[in-house]
Trainee: 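Got a structure for you, written out below as structure tokens; questions coming shortly.
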Amino acid sequence: MMDQIYGVLKLRIQRGINLAIRDLRSSDPYVVVSMGTQKVFDKDMFSADDEMGEAVIDIKPYVKCWNKGLEKLPDGCVVKRIQPNENNYLAEESPCIWHNGTIIQRMLLKLRNVECGELLCELEWLSVLGSMGLLELQQLHA
């Protein structure tokens, strides 16, 4: 059952905001994404790259948005609003929006372990033809 494909979780890093300066006057930021953590670095030509903060995306609230009957919702309908708290990295309320047959979660993540910086991101679940969907995945782990 572990090799079953459920779909693709797409993460779009749209932009960095007020990122820490790690070079003389600016930075050359890039993001490294791994399961669970996003780290922002400054690209340096002649020395080791400088870490510019990190953020963790909790996908559980996003996954819980998927309920039967969503396809009847009008495009642009907010399915859920996730509030920032001490357990997540959200800088502001994060809406999960029904759009073109899927849910897109827009979020502004506050970077930690750095003096300043935020990442504007989007999560989107893409179904793969012939795969189990998020509803089936939720039922397996319920």
Trainee: Run the salt-bridge test on Arg106 and Glu122 with the 4.0 Å N-O cut-off and return the result as yes or no.
Mentor: yes
Trainee: To the nearest 0.5 Å, tell me how far Leu120 CG sits from Gln14 CD.
Mentor: 4.5 Å
Trainee: Does Val31 belong to the same Ile/Leu/Val/Met/Phe/Trp/Tyr cluster as Tyr89, with side-chain heavy atoms less than 4.5 Å apart forming each link?
Mentor: yes
Trainee: With hydrophobic residues grouped by side-chain heavy-atom distances under 4.5 Å, do Met107 and Val63 end up in a single group?
Mentor: yes
Trainee: Are Val56 and Leu19 connected into the same hydrophobic cluster when the rule is that any two of I, L, V, M, F, W, Y join if their side-chain heavy atoms are below 4.5 Å apart?
Mentor: yes
Trainee: Could you grab the distance from atom CH2 of Trp66 to atom CD1 of Ile103, nearest 0.5 Å is fine?
Mentor: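 So the CH2 of Trp66 and the CD1 of Ile103 are separated by 5.0 Å.
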Trainee: On a heavy-atom basis, which atom in Lys80 and which in Cys65 lie closest, and how many Å separate them?
Mentor: CB-SG, 3.5 Å
Trainee: Closer than 3.5 angstrom, by distance alone: can the side chain of Ser94 be matched with the main-chain N or O of Ile82 as a donor-acceptor pair?
Mentor: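 Flag not set: sc Ser94 to bb Ile82 has no pair under 3.5 Å.
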Trainee: Once you round to the nearest 0.5 Å, how far does CG of Leu108 lie from CD of Glu92?
Mentor: 4.5 Å
Trainee: What distance separates Cys121 SG from Arg15 CZ, expressed to the nearest 0.5 Å?
Mentor: 11.5 Å
Trainee: Please give the remaining members of the hydrophobic cluster of Ile97, linking ILVMFWY side chains under 4.5 Å, ordered by chain and number.
Mentor: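 Direct or chained contacts put Ile97 with Val78.
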Trainee: Are Ile13 and Ile59 linked, directly or through intermediate hydrophobic residues, by side-chain heavy-atom contacts shorter than 4.5 Å (ILVMFWY only)?
Mentor: yes
Trainee: Quick one: does Leu9's side chain get under 4.5 Å of Tyr62's, heavy atoms only?
Mentor: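 With C-beta onward as the side chain, the pair touches.
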Trainee: Do Leu109 and Leu90 have side chains that approach each other closer than 4.5 Å (heavy atoms only, starting at C-beta)?
Mentor: yes
Trainee: How long is the straight-line distance from CG of Asn18 back to CD of Glu115, given to the nearest 0.5 Å?
Mentor: 9.5 Å
Trainee: Grab the two heavy atoms, one from Asp75 and one from Asn100, that are nearest each other, plus how far apart they are.
Mentor: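 Looking at all heavy atoms of both residues, the closest pair is OD1-N, 2.7 Å.
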Trainee: Looking at every heavy atom in both Glu93 and Pro84, which two are closest together, and how far apart are they?
Mentor: N-CD, 3.7 Å
Trainee: Using side-chain heavy atoms (C-beta onward) and a distance below 4.5 Å, is Met52 in contact with Leu111?
Mentor: no
Trainee: Identify the two heavy atoms, one from Asn88 and one from Gln83, that lie closest to each other, and give their separation to 0.1 Å.
Mentor: ND2-O, 3.1 Å
Trainee: Applying side chain to side chain contact (heavy atoms under 4.5 Å, CB included) to Asp58 and Asn87, what does each step give before you reach the verdict?
Mentor: CA-CA 9 Å; Asp58 181 6; Asn87 298 320; over 6 Å; no
Trainee: Tell me whether Ile21 shares a hydrophobic cluster with Val114, the cluster being built from Ile, Leu, Val, Met, Phe, Trp, Tyr side chains joined at under 4.5 Å.
Mentor: no
